[in-house]
Structure formats: structure tokens, C-alpha cells
Amino acid sequence: MDLIKILEDFARSKEQIRQKTKFRVPTIDRYNGLSMAISYSNIMEYVVNSLFDLTFEQINQKREGIAAFLYGSPGRREMVCESDLDTLLIYKDNSSNYKEFKNKFKELTQPFQFCKIDLPEWGTLEEARIFAQRSITEGNQVLECRYICGDEEVAREVKEIQKQFGNPERMTKNIVFQRFYFEQYFKQRIRDGAINVKYCNGGSRDYLFIHWFNQLMVRKYPDWGQMNVDRPVAEIGIINLYKNGLIDSLEFGRSIEALHFNLLLRNEILLINKKTKDEGLTFLDDKTLKNVFDSMPELMKEYNIKIPNELKDVFNKQRFHIAGIKDRIWNLVIEEQGKELGNKNWANDFRKAYALETPEDERQKFLDDKNILIKIALIQGASDSGQKNLLNEITNRERHSNSWEIQASLTTSPYCSPEYLHWVGTGIGKDKGYGYLLRIVSRNPNVKQETLESIAYDEKVEQRYKQCAKAALEHGKNAVNHQV
């Protein structure tokens with residue numbers, strides 16, 4: 001198969017799905033948001049599989065020692081039309097053959113004009129193991145990636161890494177850190193008062209909590225439910241919540257409807273913004289509301305939306321169903337952790353550590369607590385409450401910590417000092433497995449120019465970690481939070 005044929009198949013399939021989601025076919029054949037996401041994810045599998053084969057043909061290498069995986073929205077079967085190409089190419093060792101393969105594969109993806117091609121520069125099994133062990137963000141990419149094609153021995157070894165490091169303790173820590181991190185990050189992703197459909201409370205990024213909780217429960221309880229790889233993972237998580245009696249039939253129906261609506265909305269916004277200055281972005285501003293209202297009259301009719309502003313009201317209603325599920329999961333995780341530790345006071349202590357109303361002298365009592373979850377909650381609480389003295393005490397104590405989530409929690413705080421951001425940005429952030437910390441440091445409004453320069457102009461730092469620092473230097477700090 002040649003590249004032209006793959007491109008033609010890709011374009012034709014995307015247009016067929018687009019027509020179905022525009023409600024231009026009989027109701028029985030119409031795609032809802034979930035079936036649309038599955039179809040787009042299937043197209044991405046086809047493209048990656050085909051380009052994988054074509055790459056081997058063009059560089060004339062033996063077909064061994066390397067495998068392709070999807071992560072992110074295509075890996076979770078939640079892809080929309082203009083989602084990024086999130087691909088991992090994992091290989092046995094760092095030989096020149098594998099580097100040549102990766103370079104050729106990336107070259108072949110260029111004609112597809114993906115909004116962003118997210119193909120990490122690292123790729124050996126040993127590096128995958130390091131990221132899974134040390135990092136939350138990149139670790140999740142490894143632990144959640146889905147095998148597509150290539151060397152099955154490599155796939156088996158990745159499966160072993162997922163099994164070894166995807167344990168309940170790590171999954172719980174991930175949920176706790178990400179809950180606090182997203183709260184801060186979502187505030188940064190508002191532009192001129194317009195929320196971001198992806199990065200907001202109950203938006204599509206919050207689907208991850210449903211997936212993570214489902215993973216946690218499947219690992220802990222064999223009879224919890226199945227991980228059906230053929231459906232969107234958020235849908236599977238909601239089904240298992242319902243089957244296990246943690247949500248009722250009304251909540252189940254509303255949350256599935258929310259997935260359907262929000263996927264369609266985000267898909268349409270991305271299509272409208274294609275080849276504009278907002279390409280890849282999903283801010284729900286007045287212009288976007290009108291464009292979506294005009295482009296999807298059948299959807300507006302289905303939801304009884306008569307004017308553009310009512311579309312925002314419907315979106316808010318839908319996303320709050322997901323936010324409600326997320327809150328339910330949060331409380332379940334806290335209570336579950338207290339039971340596992342055999343400490344009936346732990347859940348209350350944890351909540352007190354992060355609660356906005358906790359006085360500083362009360363919060364200080366948790367300074368010597370060794371529990372990593374309490375530490376994360378303590379940092380969040382001190383930051384949210386503006387208790388700067390306490391936060392400074394924590395940074396002094398944790399200065400030499402090699403805990404990714406502790407350093408990420410500290411550098412996320414709007415009260416983190418420029419000196420500490422520089423310490424992390426020029427130190428542990430540049431160690432293998434900690435690179436995502438550099439993106440967090442670069443997004444903090446307190447970061448100094450010399451810190452940004454030390455990240456942006458360091459040839460040893462991967463491009464994906466330089467991106468935010470470069471944007472801040474070239475376009476100002478506000479530009480960092482409005483990237484794809």
C-alpha cells in the first residue's frame with residue numbers, strides 16, 4: 001500500500017463520519033458521540049498500522065524489535081475528528097535502526113495534517129519503565145497505551161511494565177494528584193472569560209477520572225467488571241459504576257448522554273477552528289457558540305436550543321453530570337483509602353489537609369505526616385488558602401524530594417517562589433522521567449526569564465518540554481496556557 005492510498009482512505013472515512021454526525025442520514029443510521037469516537041479511533045488504528053508497514057518497506061529493515069501503541073484519546077477510543085496523533089513507538093534498545101524508523105514514520109505522518117503529532121522522542125523499553133516508575137503524566141501514557149501492531153515480544157514486555165507499575169497504590173496517587181492539579185490547570189485555561197470545553201470542570205479531560213477509577217477497581221476487585229477494549233473507556237467506567245450500584249439508573253442515563261453531547265460539541269468546535277488561529281483549541285466564546293449553532297441545526301433542534309447562548313447552558317448542564325460523577329469517585333477513593341490503612345480518622349484528616357477553611361495552625365499539624373496523599377493534600381490546601389509561610393516551610397522540607405507528584409504539586413502553586421521554580425527547572429526537571437515538570441514550571445506566572453531560557457535553549461531537553469518555555473519567551477506568559 002502506498003501513502004496516497006492511505007491518505008485517500010483516511011480522508012474518505014473522516015468525511016463519512018462527519019456526514020453522519022451532522023444528522024444528514026436517517027435516524028437509525030446516525031452516529032451519536034460515542035459511536036463517532038469509536039469510528040475515529042478505528043481510523044487512527046488503520047493509519048498507524050498502515051504507516052508502520054509502509055515505514056518498514058521504505059527503510060528496508062527487518063520487522064522486529066519495535067511496536068506501535070496508541071495512547072491519549074485514540075488509545076481510549078474517545079477520539080474526535082481533529083484529535084492529536086498520540087503514538088508511542090517502543091523498541092528494544094536505542095540503536096540507529098530504531099531512530100531511523102521513528103524519523104521515517106514521523107515524516108510519513110506529515111501529509112495527514114494532524115493538529116499535533118505527539119510522538120515522544122524517547123522510546124526504549126528501559127525508558128518506558130523509567131517513566132512508568134517516576135512520572136505521573138508520561139507514566140500514564142505508558143500504563144494506558146494500547147498495542148496496535150509490531151513486535152509482539154515488545155508488546156508483552158510493555159504489558160509487564162503496565163502490570164508491575166500500574167498497581168492500586170500508584171493509581172490512587174494518580175487520582176489524588178490529578179484532581180488537585182486539574183483544578184489549578186483549568187483556571188489557567190480560561191480565555192477572556194470563556195471556558196475551555198476540554199479543560200473545565202466536567203469537560204472531556206475529566207472523563208479520565210472515570211477511567212482511572214475503573215482501572216483501580218478492576219485491579220483491586222476481580223469481580224468489579226470487564227475492561228472492554230472495543231468501547232470508549234469512560235463509557236465502560238460509567239457502566240461498571242452502575243452495575244456495582246454506585247450510581248442509579250437516572251445518573252447512568254444522564255452521564256452517558258453527557259458523553260454523547262460533549263463529544264459531538266468538541267468535535268464540531270475543532271472542525272470549525274481548523275486552519276484558524278484557534279486550531280486545536282475549544283474555547284466556548286460568543287463566536288464559537290454562534291458558529292456551532294449555525295453549523296448543526298439538527299442538533300440544536302434535538303436539544304431545543306433556540307439561540308446560541310442556550311447552547312452554553314446545555315453544555316453546562318451536561319458537563320455538571322460528569323462533574324457529579326467525578327465528585328462521587330473522589331469521595332469513594334478517599335473512603336476506600338482510609339479503610340485500607342485501617343485508620344478511621346484518615347479520611348477526615350485528608351479532607352482537613354486540603355480544605356480551604358482549615359486554619360494554618362491546624363494545617364501545620366500535618367507537616368510531619370509521611371503519607372504521600374496527605375502531603376499532596378497539604379500542599380494544595382496551603383496554596384488554595386494563601387498560607388504562604390506554611391507553603392514555604394513545605395518547599396524547604398521537600399526541596400530534595402525525588403517525588404514527581406510532590407514537586408509537581410509545589411510548582412503548580414501560584415505562590416511557588418521564582419527561586420524554587422528555578423531550582424526545579426534547572427535541576428530535577430531535567431532528569432530522565434521528570435521532564436513534564438518543565439512544562440509545569442514554564443506555565444507558572446512566577447517563573448523567571450532565566451529559568452525559561454535555561455529550559456528553552458537546552459539542547460538536551462526534549463522539544464515537548466521546551467514548548468511552553470519557548471511560548472512564554474516569544475509571546476508572553478499568558479500564551480503558555482492557550483496552546484494545543
Side-chain angles (χ1 to χ4, degrees), residues 6-7 9-22 30-52 68-89 105-106 109 111-120 140-149 196-199 203-212 214-215 227-238 256 258-274 279-282 292 296 318-319 322 484:
I6 302 170
L7 278 164
D9 289 346
F10 179 65
R12 183 175 59 255
S13 298
K14 282 178 65 177
E15 182 58 25
Q16 288 173 348
I17 298 169
R18 177 169 167 73
Q19 292 302 321
K20 287 191 175 184
T21 56
K22 295 285 279 189
R30 182 174 79 187
Y31 276 12
N32 64 24
L34 293 165
S35 55
M36 175 198 71
I38 294 169
S39 297
Y40 279 133
S41 301
N42 288 342
I43 294 173
M44 195 60 72
E45 284 187 33
Y46 164 77
V47 169
V48 169
N49 211 327
S50 299
L51 292 182
F52 192 86
F69 302 79
L70 285 174
Y71 68 96
S73 59
R76 297 188 300 270
R77 292 193 179 278
E78 294 173 355
M79 186 170 178
V80 294
C81 187
E82 300 301 324
S83 291
D84 304 336
L85 173 60
D86 295 326
T87 306
L88 292 177
L89 295 176
F105 181 91
K106 193 165 186 176
T109 65
F112 291 83
Q113 297 183 327
F114 295 110
C115 184
K116 185 171 70 173
I117 299 168
D118 208 343
L119 179 61
N140 285 346
Q141 294 171 359
V142 175
L143 297 176
E144 298 172 14
C145 69
R146 184 162 56 88
Y147 170 68
I148 301 302
C149 58
N196 191 308
V197 168
K198 181 178 181 180
Y199 300 109
S204 53
R205 178 55 79 203
D206 271 352
Y207 300 171
L208 287 170
F209 287 100
I210 301 170
H211 174 46
W212 290 331
N214 193 55
Q215 283 185 314
M227 292 290 286
N228 185 343
V229 297
D230 297 324
R231 300 295 302 178
V233 296
E235 179 191 29
I236 298 166
I238 290 171
I256 292 294
L259 293 182
H260 155 69
F261 179 86
N262 294 357
L263 284 166
L264 287 176
L265 176 62
R266 181 166 172 253
N267 183 68
E268 195 65 19
I269 294 173
L270 288 169
L271 287 168
I272 287 170
N273 288 343
K274 184 76 172 175
E279 181 169 7
L281 302 176
T282 54
V292 175
M296 301 186 77
Q318 298 293 343
R319 71 185 178 97
I322 300 299
V484 178

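Values reported hereafter were calculated over all heavy atoms of this structure, with side chains retained and with hydrogens, waters and symmetry mates removed. Just so you know, these numbers come straight off a predicted model, no measurement behind them.
- Applying the side chain to side chain donor-acceptor pair (under 3.5 Å) test to N273 and every residue at least two apart in sequence or in another chain returns nothing.
- In this structure, the side chains of I238 and E235 stay at 4.5 Å or more apart for every pair of heavy atoms.
- Rounding to the nearest 0.5 Å gives a distance of 8.5 Å between CG of L70 and CE of M79.
- Without hydrogens or angle criteria, H211 side chain to A234 main chain gives no donor-acceptor distance under 3.5 Å.
- Shortest non-hydrogen contact noted between V48 and F105 is O-CE1, 4.0 Å.
- Put simply, CD1 on I236 and CZ on R231 are 8.0 Å apart, with the number rounded to the nearest 0.5 Å.
- In this structure, I269 and V197 approach most closely via the heavy-atom pair CD1-CG2, 3.7 Å.
- Closest non-hydrogen pair, A258 versus Y207, comes out as O-OH, 4.2 Å.
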Working for side-chain contact (heavy atoms from CB on, under 4.5 Å), residues Y40 and E78
CA-CA 8 Å; Y40 279 133; E78 294 173 355; over 6 Å; no
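- We find the OG1-CG distance between T109 and L51 to be 7.0 Å, quoted to the nearest 0.5 Å.
- With a 4.5 Å cut-off on side-chain heavy atoms, F69 and Q141 do not count as touching.
- The shortest side-chain heavy-atom distance between I6 and Y46 falls under the 4.5 Å cut-off.
- S41 approaches S73 most closely through the heavy-atom pair OG-O, 4.1 Å.
- With rounding to the nearest 0.5 Å, the separation of CE in M296 from CG in N267 is 7.5 Å.
- S39 and I17 make their closest contact through CB-CD1, 3.4 Å (heavy atoms, listed as atom of the first residue, atom of the second, distance).
- Atom-to-atom distance recorded for E279:CD and L271:CG is 10.5 Å, nearest 0.5 angstrom.
- Considering only heavy atoms from C-beta on, R76 comes within 4.5 Å of L208 through its side chain.
- For the 3.5 Å distance criterion, the side chains of N32 and S35 qualify, holding a donor opposite an acceptor.
- Closest approach of D86 and G72 over heavy atoms only: OD2-CA, 3.7 Å.
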Please determine whether side-chain contact (heavy atoms from CB on, under 4.5 Å) holds for the pair R77 and V233, giving the CA-CA distance in whole Å, both sets of side-chain angles, and the decisive distance to 0.1 Å.
CA-CA 7 Å; R77 292 193 179 278; V233 296; 6.0 Å; no
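- Considering only heavy atoms from C-beta on, L85 stays 4.5 Å or farther from D118 through its side chain.
- With contacts defined as side-chain heavy-atom distances shorter than 4.5 Å, the pair I148/T87 does not qualify.
- Side-chain atoms of F112 and M44, non-hydrogen and from C-beta on, never get closer than 4.5 Å to each other.
- Here the side chains of R205 and Y199 are in contact, with some heavy-atom distance below 4.5 Å.
- Considering N262, L263, L265 as possible partners of V80, the one that fulfils the side-chain contact (heavy atoms from CB on, under 4.5 Å) test is L263.
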Start with the C-alpha gap between R146 and E45, add the side-chain angles, then the distance that decides, and say whether salt bridge (Lys or Arg N to Asp or Glu O under 4.0 Å) holds.
CA-CA 10 Å; R146 184 162 56 88; E45 284 187 33; 2.6 Å; yes
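- R266 pairs by the salt bridge (charged side-chain N to carboxylate O under 4.0 Å, His left out) definition with nothing, not counting sequence neighbours.
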Should I322 and L259 be marked as a side-chain contact (heavy atoms from CB on, under 4.5 Å) after you check the CA-CA gap, both sets of side-chain angles, and the distance that decides it?
CA-CA 8 Å; I322 300 299; L259 293 182; 3.9 Å; yes
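- Taking R319 as the reference, nothing meets the salt bridge (charged side-chain N to carboxylate O under 4.0 Å, His left out) condition, with sequence neighbours excluded.
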Could you go step by step and tell me if R18 and E268 meet the side-chain contact (heavy atoms from CB on, under 4.5 Å) rule?
CA-CA 9 Å; R18 177 169 167 73; E268 195 65 19; 3.9 Å; yes
